[in-house]
Participant: 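This is the structure I have questions about; it appears just below.
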Amino acid sequence: MGQRGIGYLGGRAVKIGYPCINWSIGCKGDRTFRLRNYSEDRLISTVRNNLDCLLKMLRFNVTHDILFFRITSDLIPFASHSVCEFHWQGYFRKELEEIGGFIQGNRIRISMHPDQFVLINAEDNGIVERSIEELQYHAEVLDLMRLDETAKIQIHIGGVYKDKGKSMKRFIATYEGLDEVIARRLVIENDDTRYTAQDCLRLSADTGIPVLFDTFHHQLNGSGEGVPEILAPTSSTWRDTDGLPMVDYSTQNRNNRKGRHAESIDSEEFAEFLEATKPFDFDIMLEIKDKERSASKAIELASRDARFITASKAHA
DNA sequence: CCCTGTCAAGTCACG
DNA sequence: CGTGACTTGACAGGG
């Protein structure tokens, strides 16, 4: 717990990845459709495409030493919506198992990130119920892939309504009642306007929930702490069974308004980040527009870093 | 084929 | 109470 040793002795090592979309392999694994066009056929063909593409992306990633990946929430469109009565869990069981087998065989780290509308602490109970349904869907995907507890579902806390204290109380109350299949995978992430990393740590102290640190959100909505200062406490919220801490890394788009992600990774900034965070082991999710290109650049930069691991080493 | 309005869900500000 | 901003690509209907 807390600061971990450098290097991959003991089977731990830093992995780098990107979320959801790969621009270079010619397929899209997050295809969806409009609710009014919902049909079982449409769902099946879309999911089949998404699962095929997901496996292709994972194969691509392994050949490029990209061993961390965020699976899109659009994998099964409308999975948690009442319109969906189709038992996709059974229909796609084999495909999900196959993908899960590939993930485990190559020691790929997996995360999922439900959208902002997932609020387990909303004042409206209907929103809470729908949010839990959505989390259930995410957990089912990872369970059907037979991934262990290190595969995480990250959410923002939200649901402030001008009273963070009450918001936190509601979060704790709902969290404590969550089914274990969800709770074991759930982690909280600091966001860019409401919950700072310190807020997340406060909530973690009460619930034991791990804190996923987002560097960019911390820049926009932090309390002035440097990255290493905040990485120490957030890292120690991850138990051994949770796997290495996850960190979302991104930088400001220079041309655009505040809050916009950069188009491509800034090599110098990333090298500085690696240097500044030397005492810590964590898996890095690059939230950068050009996805796998920046991931490859980052891996190139990290390849001299003793914490980093390649696919062949992970395989051994 | 291209153009463009719209999209499951969320909050918040405003009139 | 209703509407638009937030933010984003892409779906999908109309021309």
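In what follows, every chain begins at residue 1, and chains take the letters A, B, ... in the order their sequences are listed. Hydrogens, waters and symmetry mates play no part in the numbers below; they use all other heavy atoms, side chains included.
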Participant: Which side-chain hydrogen bond (donor to acceptor under 3.5 Å, both in side chains) pairs, counting each pair once, include a residue from residues 169-180 of chain A, with sequence neighbours left out?
Facilitator: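 Matches after skipping sequence neighbours: none remain.
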
Participant: Is the number of heavy atoms from other residues, nucleotides or ligands under 6.0 Å of Arg42(A) CZ greater than 12?
Facilitator: yes

Participant: For nucleotides dC12(B) and dG9(C), find the distance between their C1' atoms and express it as a whole number of Å.
Facilitator: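 24 Å, rounded to whole Å.
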
Participant: Would you check if the side chain of Asp163(A) reaches a backbone N or O of Lys166(A) as a donor-acceptor pair within less than 3.5 Å?
Facilitator: yes

Participant: In whole Å, what separates the C1' atom of dC1(B) from that of dT8(C)?
Facilitator: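 Those two atoms are separated by 24 Å.
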
Participant: Do nucleotides 8-15 of chain B as a string where each nucleotide becomes B, S or -: B if the base has a protein heavy atom under 4.0 Å, S if just the sugar-phosphate does, - if no protein is that close.
Facilitator: BBSSSS--

Participant: Checking Lys297(A) against Phe270(A): charged group under 6.0 Å from the ring centre and within 45 degrees of the axis?
Facilitator: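 No cation-pi geometry.
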
Participant: Between dC3(B) and dC6(C), how far is it from one P atom to the other, in whole Å?
Facilitator: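 Comparing P positions in dC3(B) and dC6(C) gives a spacing of 25 Å.
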
Participant: Thr32(A) near the nucleic acid: base, sugar-phosphate alone, or nothing, with a heavy-atom cut-off under 4.0 Å?
Facilitator: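 Since only primed, P, OP1 and OP2 atoms lie under 4.0 Å of Thr32(A), the category is sugar-phosphate.
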
Participant: In whole Å, measure the gap between the P atoms of dC11(C) and dG10(B) for me.
Facilitator: 23 Å

Participant: Can you tell me if Asp199(A) and Thr196(A) form a side-chain donor-acceptor pair at under 3.5 Å?
Facilitator: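 A pair is found: one side chain offers a donor N or O, the other an acceptor, under 3.5 Å apart.
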
Participant: Is Glu98(A) salt-bridged to Lys94(A), cutoff N-O under 4.0 Å?
Facilitator: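 No, no charged N to carboxylate O under 4.0 Å.
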
Participant: As a test of your reading of the structure, name each stem of DNA chain B as range with range, where a stem is three or more consecutive Watson-Crick or G-U pairs at under 3.5 Å.
Facilitator: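 DNA chain B stems, ordered by first number: B:1-7 with C:9-15, B:10-15 with C:1-6.
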
Participant: Could you work out the separation of dA12(C) and dA9(B) based on their P atoms and round it to a whole Å?
Facilitator: 16 Å

Participant: Using whole Å, what does the distance between atom P of nucleotide dC11(C) and atom OH of Tyr38(A) come to?
Facilitator: 18 Å

Participant: Using the P atom as the point on both nucleotides, what is the distance between dT3(C) and dT6(B), in whole Å?
Facilitator: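 Rounded to whole Å, the distance is 13 Å.
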
Participant: How close do Phe280(A) and Ala232(A) get, counting heavy atoms only, and between which atoms?
Facilitator: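 Closest heavy-atom pair between Phe280(A) and Ala232(A): CE2-CA, 3.6 Å.
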
